[in-house]
Amino acid sequence: MRWPLFGCVRIAYLRQMHTNPPDLRPDLARARIPDDQLGQRRDGQPTIGMVSLGCPKALVDSERILTRLRAEGYAISPDYKGADAVIVNTCGFLDSAKAESLEAIGEAIRENGKVLVTGCLGAEPEYITGAHPKVLAVTGPHQYEAVLDAVHKAVPPAPDPFIDLLPASGVSLTPRHYSYLKISEGCNHKCKFCIIPDMRGRLVSRPAHAIVREAEKLVAAGVKELLVISQDTSAYGVDRKYAEERGHRAHITDLARDLGSLGAWVRLHYVYPYPHVRDLIPLMADGLVLPYLDIPFQHAHPDTLKRMARPAAAARTLDEIAAWRSACPDITLRSTFIVGYPGETEDEFQTLLDWLDEAQLDRVGAFQYENVKGARANDLPDHVPADVKQDRFDRFMEKAQAISEAKLAAKVGTRIEVIVDEVDDQGATCRTKADAPEIDGNLFIDEGFAGLNPGDIVTVTVDEAGEYDLWGRL
């Protein structure tokens, strides 16, 4: 599938709550360099383009690289031809992701010629150079200094000391009113289908005071929504033994409370279902944190979960969900699942469907299992045929869609708060507190929207509901 290029940042995303195309990856994030962040190129200024693939965590890496480069006097190019070189920040989570990364590298070589590669796939440099021997350099994930060294070698800096070499505001690849806030790197889990710990290492949490300081700067700059991301958000601070530094404790509950005090929406992503997650729910009920949990349950049958090396406690999970909803009735639960995992029987898959019926999750996505080089799941017996995986994916998404449609229909006639993402001559595209940008649904306003601007938070009456989206009026 071909993807458009915006500001030399490639866009690719699984709209899990919209069209759910079965051939897309579940781990991709939409990225855009706003026009006002490109700046004007002066004569002789070296210019770099960026193609950013992968999850929001990789998106943050791309923002950091571009921010550093701009501070050193480089301009950012909105297209291939205007760039002296192009950085491709790759994804290597699935074999299909690797294939798309190789395609993006090949396109950059054809269109520009001078290409540097970084990101998760950079952990396998021979894989990249074997397919594209013309790449100038390959670096691994979050190796910022190595990327800068490679850029300096390929396109030497030529700063104007009167214009450049000044503290630069951060380059953001998202709209001004929301921003991803990465709180840690790596992961301590050993799920058999995943190679993220091999590529990004074990959990390394950022100091809490540094996260809060970054969040304060973002809010002061006009950010209305903070999207907290990591590989395992609920494990935040474990490696630091939950130490307190400069008045802030490195624990997800304390961090959520600190972030909630800043006055912006705070949305938690990738929350592993540890028991202490229940301590976050009162913060949601009190309005400090959005009543939204993004939890990767992956499956429901205990045998499948054991083969995944995931906690095999689906029944207790249902009890936890019930407790969360009792403490915070407005909570929205989103999750992703793998269908067709090796050894998955029809009975195991039916257990998943029955569990979904009982759990009644609000936002649900799924992807079909595929082998990933280096993953232990590759060696499991009884791999599921492709046609069976496709059939199970279709049946799973049909049930998830029906649940979503019923839940949204219940919102018709209610008054809810929304944040405005885009406004054009057709209407305003908004999101409720139950909707993360790019992965969940939208609320559309097609009358009386002339005075709205991106970032506005307004209250609307819901007039109509679809399978994944809402329509409303001010």
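- Two residues are said to be in side-chain contact when any heavy atoms from C-beta on lie closer than 4.5 Å; L452 and V458 meet this criterion.
- Scanning all heavy atoms of the two residues, the minimum distance from S77 to G82 falls at OG-C, 3.3 Å.
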- [ ] With salt bridge (Lys or Arg N to Asp or Glu O under 4.0 Å) as the test, would you mind laying out the steps for R325 and E320 before giving the verdict?
- [x] CA-CA 9 Å; R325 285 175 170 155; E320 283 293 307; over 6 Å; no
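- Across all their heavy atoms, T129 and V138 have their closest contact at CG2-CG2, 4.1 Å.
- Residues M308 and K192 have side chains not in contact (no heavy-atom distance under 4.5 Å, counting atoms from C-beta outward).
- With sequence neighbours excluded, the residues that form a side chain to side chain donor-acceptor pair (under 3.5 Å) with Y274 are H189, D232.
- Taking both residues in full, the closest heavy atoms of G73 and Q45 are given as O-NE2, 2.9 Å, listed atom of the first, atom of the second, then distance.
- There is no side-chain donor-acceptor pair under 3.5 Å between N442 and T429.
- Considering CG of L59 and OG of S52, their distance stands at 5.0 Å, rounded to 0.5 Å.
- Remark: side-chain polar atoms of S101 are paired, donor with acceptor, to backbone N or O of A97 under 3.5 angstrom.
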Task: Derivation of the side chain to side chain donor-acceptor pair (under 3.5 Å) call for E63 and Y180 - done: CA-CA 10 Å; E63 291 176 339; Y180 292 105; over 6 Å; no
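- At least one donor-acceptor pair closer than 3.5 Å links the side chain of Y236 to the backbone N or O of A208.
- Of all heavy-atom pairs between W471 and D469, the closest is CZ3-O, 3.5 Å.
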TODO: Before giving the answer on side chain to side chain contact (heavy atoms under 4.5 Å, CB included), spell out for W265 and E417 the whole-Å C-alpha distance, their side-chain angles and the decisive distance to 0.1 Å.
DONE: CA-CA 11 Å; W265 285 11; E417 203 171 39; 4.3 Å; yes
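- Side chain of Y272 to main chain of P296: no donor-acceptor pair is present (N/O by atom type, distance under 3.5 Å, no hydrogens or angles).
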TODO: Starting from the C-alpha separation in whole Å, work towards a yes-or-no answer on side chain to side chain contact (heavy atoms under 4.5 Å, CB included) for L66 and I87.
DONE: CA-CA 10 Å; L66 291 177; I87 301 170; 5.5 Å; no
Open item on the list: Between T139 and T118, is the side chain to side chain donor-acceptor pair (under 3.5 Å) condition met? List the steps.
Closed with: CA-CA 5 Å; T139 61; T118 189; 2.8 Å; yes
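- Between K81 and E111 there is no salt bridge, since no side-chain nitrogen of the basic residue lies less than 4.0 Å from a carboxylate oxygen of the acidic one.
- Using a 4.0 Å cut-off between charged side-chain N and carboxylate O, R334 and D440 make a salt bridge.
- A side-chain donor-acceptor contact under 3.5 Å links H152 to the backbone of L148.
- In this structure, K433 forms no cation-pi arrangement with Y292, as its terminal cationic atom is not both closer than 6.0 Å to the ring centre and no more than 45° off the ring axis.
- The pair E214-K217 does not meet the salt-bridge criterion, since no charged nitrogen lies less than 4.0 angstrom from a carboxylate oxygen.
- For the pair I76 and T47, the minimum side-chain heavy-atom distance is 4.5 Å or more.
- A 4.5 Å side-chain heavy-atom check between Y270 and D294 finds at least one atom pair inside the cut-off.
- Between the side chain of T336 and the main chain of A366, no donor-acceptor pair closer than 3.5 Å is present.
- Residues L280 and I252 share a closest heavy-atom pair of CD2-O, 4.0 Å.
- Of the options L53, V88, L116, a side-chain contact (heavy atoms from CB on, under 4.5 Å) to I105 is made by V88 and by none of the others.
- If you take CG on L293 and OG on S335, they are separated by 10.5 Å, rounding to the nearest 0.5 Å.
- The backbone N or O of G237 lies less than 3.5 Å from no partner atom in the side chain of R240, so there is not a single donor-acceptor pair.
- Counting heavy atoms from C-beta outward, V51 and V86 have side chains that approach closer than 4.5 Å.
- A donor-acceptor pair under 3.5 Å is absent between the side-chain atoms of N453 and the main chain of D456, judged by distance alone.
- No side-chain heavy atom of K224 sits less than 4.5 Å from a side-chain heavy atom of R176.
- Under the 3.5 Å distance criterion, the side-chain polar atoms of D421 are left unmatched by any main-chain donor or acceptor of P437.
- Applying the 6.0 Å contact sphere to CD of E422 captures no more than 12 heavy atoms from other residues, nucleotides or ligands.
- Summarising the local packing, NZ of K407 is surrounded by more than 12 heavy atoms from other residues, nucleotides or ligands at distances under 6.0 Å.
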TODO: Starting from the C-alpha separation in whole Å, work towards a yes-or-no answer on side chain to side chain contact (heavy atoms under 4.5 Å, CB included) for I183 and V228.
DONE: CA-CA 7 Å; I183 64 174; V228 177; 3.8 Å; yes
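- Looking at L361 and I403, their side chains never come closer than 4.5 Å, going by heavy atoms from C-beta outward.
- Proximity of L305 to F297: side-chain heavy atoms (C-beta onward) are nowhere separated by under 4.5 Å.
- Between E185 and R202, no side-chain nitrogen of the basic residue sits less than 4.0 Å from a carboxylate oxygen of the acidic one, so the salt-bridge criterion is not met.
- With rounding to the nearest 0.5 Å, the separation of NZ in K114 from CD1 in I109 is 13.5 Å.
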TODO: Check the pair H251, E244 against side chain to side chain donor-acceptor pair (under 3.5 Å), reporting the backbone distance first and the verdict last.
DONE: CA-CA 9 Å; H251 187 285; E244 182 173 331; over 6 Å; no
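- Few gaps surround CZ on R415; more than 12 heavy atoms of other groups in view lie less than 6.0 Å from it.
- Judged purely by atom type and a 3.5 angstrom limit, H132 uses its side chain to pair as donor or acceptor with the backbone of L102.
- Note that the CG atom of L470 and the CG atom of D435 stand 7.0 Å from one another [nearest 0.5 Å].
- Of the possible donor and acceptor atoms, one in the side chain of D239 sits under 3.5 Å from a partner among the backbone N and O of S205.
- Rounding to the nearest 0.5 angstrom, the gap separating the CG atom in L181 from the OH atom in Y178 is 15.0 Å.
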TODO: Tell me, with the steps shown, if V151 and I48 meet side chain to side chain contact (heavy atoms under 4.5 Å, CB included).
DONE: CA-CA 9 Å; V151 172; I48 301 297; 3.9 Å; yes
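- To the nearest 0.5 Å, the span separating NE2 on H269 from NZ on K182 amounts to 14.5 Å.
- The minimum heavy-atom distance between T90 and G122, with the atom names listed, is OG1-N, 3.7 Å.
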